[in-house]
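Accompanying notes for the structure given below.
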Amino acid sequence: MRMAAEINPSRPGVSYDVRKLREDFPIFREPVNGKSLVYLDSAATTQKPQSVIDAVVRFYTQECANIHRGVHYLSERATESYENSRERVRRFINAASTNEIIFLRGATEAINLVAQSYGRKYLKPGEEILISAMEHHSNIVPWQILCDEKEARLKVVPINPRGEFVFEEYARLLGPKTRLVAVTHVSNALGTINPVRDIIELAHERNVPVLVDGAQSIQHMPVDVQSLACDFFAFSGHKIYGPTGIGVLYGKERLLESMPPYQGGGDMISSVTFEKTLYNRLPYKFEAGTPNVAGGIGLGAAIAYVENLGVANIHAHEDALMTYGTTALQALDEVRIIGTAKEKASVLSFVLKGIHAHDLGTILDQDGIAIRTGHHCAQPVMDFFNVPATARASLGLYNTREDIEALIWGLRKVQEVFR
Ligand SMILES: Cc1ncc(COP(=O)(O)O)c(C=O)c1O
């Protein structure tokens with residue numbers, strides 16, 4: 001495994017000491033099948049730096065208590081740590097207020113919240129929700145459930161053979177009946193970066209709010225929700241080097257204020273009688289029950305880690321690896337890259353002729369090379385490209401050229417086995 005500083009040729013001056021940085025991630029000290037781990041599955045979940053693990057352990061060992069409720073020392077301390085994380089998230093995505101940062105289980109729950117709260121209030125029979133053909137199931141199924149309930153329609157913006165959003169079709173489909181646009185920032189199956197700024201601008205010209213699924217963008221590129229002007233932005237902590245079971249819904253305060261609660265329970269109320277319940281203020285109105293306190297604190301530590309490195313630097317590093325990886329993959333015999341958009345981030349999806357993706361993944365695993373194989377929770381994308389599954393190598397801030405080289409070496413070996 002290569003252990004050297006990576007210099008990004010496309011952005012001279014932006015250097016990245018990968019060797020030093022990899023030491024922050026204890027998983028890389030764990031052999032897999034007797035080999036050094038080559039982890040190329042960060043789109044599924046990222047590995048965690050020691051600082052995130054420490055933050056979670058610190059909560060359980062030094063400040064474990066329920067939050068927002070107790071007056072005792074530990075409860076106040078835990079509340080402060082949790083709320084500091086909320087402020088860190090706010091700053092990271094440049095939201096106007098912490099009232100706009102709802103802590104949830106992840107991107108999936110964030111999208112379901114918008115579907116069930118905004119959607120149930122505002123969507124009327126015959127109206128439409130507009131998504132794209134490259135969405136993760138998390139940004140399809142919640143809208144199908146809602147549309148079924150409301151006798152509304154789900155419309156889909158097509159993609160082209162490169163796996164790019166077809167903007168002209170979007171402009172045509174975005175009509176007077178559209179109540180919401182919900183679109184991914186970056187496709188998990190193809191790596192396509194969508195032109196969300198333009199998508200939002202056009203929707204707003206027509207008075208339609210936009211939800212951006214940021215599950216695959218937040219960890220790869222700077223996100224400024226005020227500059228984007230998106231109405232909602234959803235992401236998961238575990239894909240940005242944080243713990244599982246914690247995620248964020250950003251929503252414009254005006255919209256969140258107008259929306260009914262998503263779930264009922266403790267913490268989301270200001271008073272309860274059998275006759276009438278008054279709801280808590282934002283963001284707590286949407287946070288019923290004891291939250292994932294350790295997860296929230298861990299997410300704060302993850303964002304601190306990423307900020308310390310600089311998201312723009314991470315982007316530059318991964319971009320250089322993408323270029324390297326794409327060229328190396330293309331040089332293989334009988335490979336088909338699925339998703340060849342001009343703008344891509346950190347995902348290399350492909351098929352090798354005559355070899356099922358699952359076989360390929362299993363053989364790579366024997367050499368400690370972890371990739372994802374399957375439909376990537378994006379079955380409509382697989383249908384579009386007429387493949388049952390793809391192999392997907394996805395990058396994180398800790399990957400090196402040696403990881404790519406190991407992948408290519410492993411793929412050649414797989415081809416040998418099937419020859
Ligand atoms: C684009 C996209 N959206 C949503 C999700 C759902 O994220 P989670 O399972 O963390 O809620 C994923 C997960 O892979 C994703 O890639």
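Both counts, for ligands and for their atoms, begin at 1 and track the order of listing. This chain uses plain numbering: 1 for the first residue, then up along the sequence. What's counted below: heavy atoms across the whole structure, side chains too, no hydrogens, waters or symmetry copies.
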Ring geometry between His356 and His358 (parallel below 30°, tilted from 30 to 60°, perpendicular above 60°): parallel
With under 30° as parallel and over 60° as perpendicular, where do the rings of His375 and His137 fit, or are they tilted in between? tilted
Among all residues two or more places apart in sequence or in another chain, which pass the side chain to side chain donor-acceptor pair (under 3.5 Å) test with Lys413? Asp367
Quick one: list whatever passes ring pair (Phe, Tyr, Trp, His ring centres under 6.0 Å) with Tyr279, sequence neighbours left out.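 For Tyr279, no residue satisfies ring pair (Phe, Tyr, Trp, His ring centres under 6.0 Å) once neighbours in sequence are set aside.
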Using a strict cut-off of less than 4.0 Å between a Lys/Arg side-chain nitrogen and an Asp/Glu carboxylate oxygen, indicate whether Asp403 and Arg22 qualify as a salt bridge. yes
Give one line per pair: atom of ligand 1, protein atom, distance. Only N/O to N/O under 3.5 Å.
residue: ligand 1; atom: 3 (N); partner: Asp213; partner atom: OD1; Å: 3.3
residue: ligand 1; atom: 3 (N); partner: Asp213; partner atom: OD2; Å: 2.5
residue: ligand 1; atom: 10 (O); partner: Ser236; partner atom: OG; Å: 2.7
residue: ligand 1; atom: 10 (O); partner: His238; partner atom: NE2; Å: 2.7
residue: ligand 1; atom: 11 (O); partner: Ala107; partner atom: N; Å: 3.4
residue: ligand 1; atom: 11 (O); partner: Thr108; partner atom: N; Å: 2.9
residue: ligand 1; atom: 11 (O); partner: Thr108; partner atom: OG1; Å: 2.6
residue: ligand 1; atom: 14 (O); partner: His136; partner atom: NE2; Å: 3.4
residue: ligand 1; atom: 14 (O); partner: Lys239; partner atom: NZ; Å: 2.6
residue: ligand 1; atom: 16 (O); partner: Gln216; partner atom: NE2; Å: 2.8

Residue pairs, two or more places apart or on separate chains, that pass ring pair (Phe, Tyr, Trp, His ring centres under 6.0 Å) and touch residues 191-231: none
